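Step one of this worksheet: look at the structure below.
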Amino acid sequence: MGAGDVVLMGPPGSGKGTQARLLVRSGWVHLATGDLFREHVRRGTPLGELAARHMSKGEYVPDDVTVEMVRERVASLAPDDRVVFDGFPRTLPQAEALDGLLAAYGRRVAHAVVIDVPHDELVRRLTLRGEGRPDDAPDVIRRRLDVYEDQTRPVVGHYERAGALARIEGIGGVEDIARRVAGAIA
Ligand code: AMP
């Protein structure tokens with residue numbers, strides 16, 4: 001078995017996408033379900049049409065289609081690729097499905113890193129980002145933060161039980177946070 005994959009977790013606006021993209025520079029393979037959905041939306045595929053209906057409300061795309069999309073991507077990995085999952089898993093069923101699907105390829109989640117950022121700071125950051133993404137409108141931001149608390153917080157417990165959890169502070173410069181991520185996955 002290889003050194004293991006990484007799950008980068010944190011609420012919307014915590015900077016996990018930025019940190020995942022920095023890891024790509026060190027050779028990590030970035031698997032971001034939000035990016036994959038946006039690509040389907042852009043191409044106008046049936047999956048994109050389905051995903052857009054949920055994304056525009058700040059709600060999650062159903063687990064079965066999300067897991068299936070990830071399964072296809074995992075199947076295409078080379079054995080020594082190391083993956084950073086960004087925005088997945090977001091529910092307990094997704095976390096359980098990921099464990100099984102990685103095991104089928106002799107892979108595992110070695111580290112789940114949670115980036116902690118206070119709620120008010122998240123709202124501030126997402127509001128500033130608001131020009132770029134349709135799901136960064138104020139009411140959708142609130143809904144996305146609530147959905148994270150309800151559905152994604154339990155995933156933290158899943159990785160805690162597995163002994164894979166690390167928490168880092170998400171306040172500070174991008175490079176400082178990158179060093180904390182590197183320390184957590186070393
Ligand atoms: P993100 O770019 O990770 O913030 O994702 C944007 C949107 O895509 C989310 O608000 C969800 O609607 C959808 N999405 C991304 N990843 C998932 C996932 N793992 N499960 C369900 N929906 C997801």
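Since the model is a prediction, treat every value here as computed from it, not as a measurement. One-based numbering, in listed order, for ligands and for the atoms of each.
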May I ask you to decide whether [X] forms a salt bridge with [Y], counting only side-chain N to carboxylate O separations under 4.0 Å?
| X | Y | value |
| --- | --- | --- |
| Arg143 | Glu59 | yes |
| Asp139 | Arg142 | no |
| Arg125 | Glu121 | yes |
| Asp63 | Arg90 | no |

Between [X] and ligand 1, is there a nitrogen or oxygen pair with a distance under 3.5 Å?
| X | answer |
| --- | --- |
| Phe37 | no |
| Gly58 | no |
| Arg90 | yes |
| Asp135 | no |

Using a 4.0 Å heavy-atom cut-off, which part of [X] comes near ligand 1: side chain, backbone, both, or neither?
| X | answer |
| --- | --- |
| Glu59 | backbone |
| Tyr60 | both |
| Thr66 | side chain |

His158 side chain to Asp99 side chain, donor-acceptor N/O pair below 3.5 angstrom | yes

Can a donor-acceptor pair be found between the side chains of Ser76 and Arg73 at a distance below 3.5 Å?
->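 There is such a pair (donor and acceptor under 3.5 Å, judged by atom type) between the side chains of Ser76 and Arg73.
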
Starting from atom 10 (O) of ligand 1, which protein heavy atom do you reach first, and at what distance in Å?
-> Arg144 NE, 4.0 Å

Heavy atom of the protein closest to atom 22 (N) of ligand 1 (residue, atom name, distance) =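 So the nearest neighbour among protein heavy atoms is Val61 N, 3.0 Å.
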
Sub-4.0 Å atoms of ligand 1 with respect to non-hydrogen atoms of Gln94 |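 Under 4.0 Å from Gln94, ligand 1 has these atoms: 18 (C), 19 (N), 20 (N), 21 (C).
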
Going by heavy atoms, is Arg38 under 4.0 Å from ligand 1?
->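 In this structure, Arg38 qualifies as a contact of ligand 1 - some heavy atom is under 4.0 Å.
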
Examine Val156 and Ile185 and state if one hydrophobic cluster contains both, with Ile, Leu, Val, Met, Phe, Trp and Tyr joined whenever side-chain heavy atoms are less than 4.5 Å apart.
->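 No; tracing contacts between hydrophobic side chains, which count when under 4.5 Å, never links both residues.
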
Indicate yes or no for a side-chain donor-acceptor contact from Thr152 to the backbone of Glu149 under 3.5 Å, with no hydrogens or angles considered.
-> no

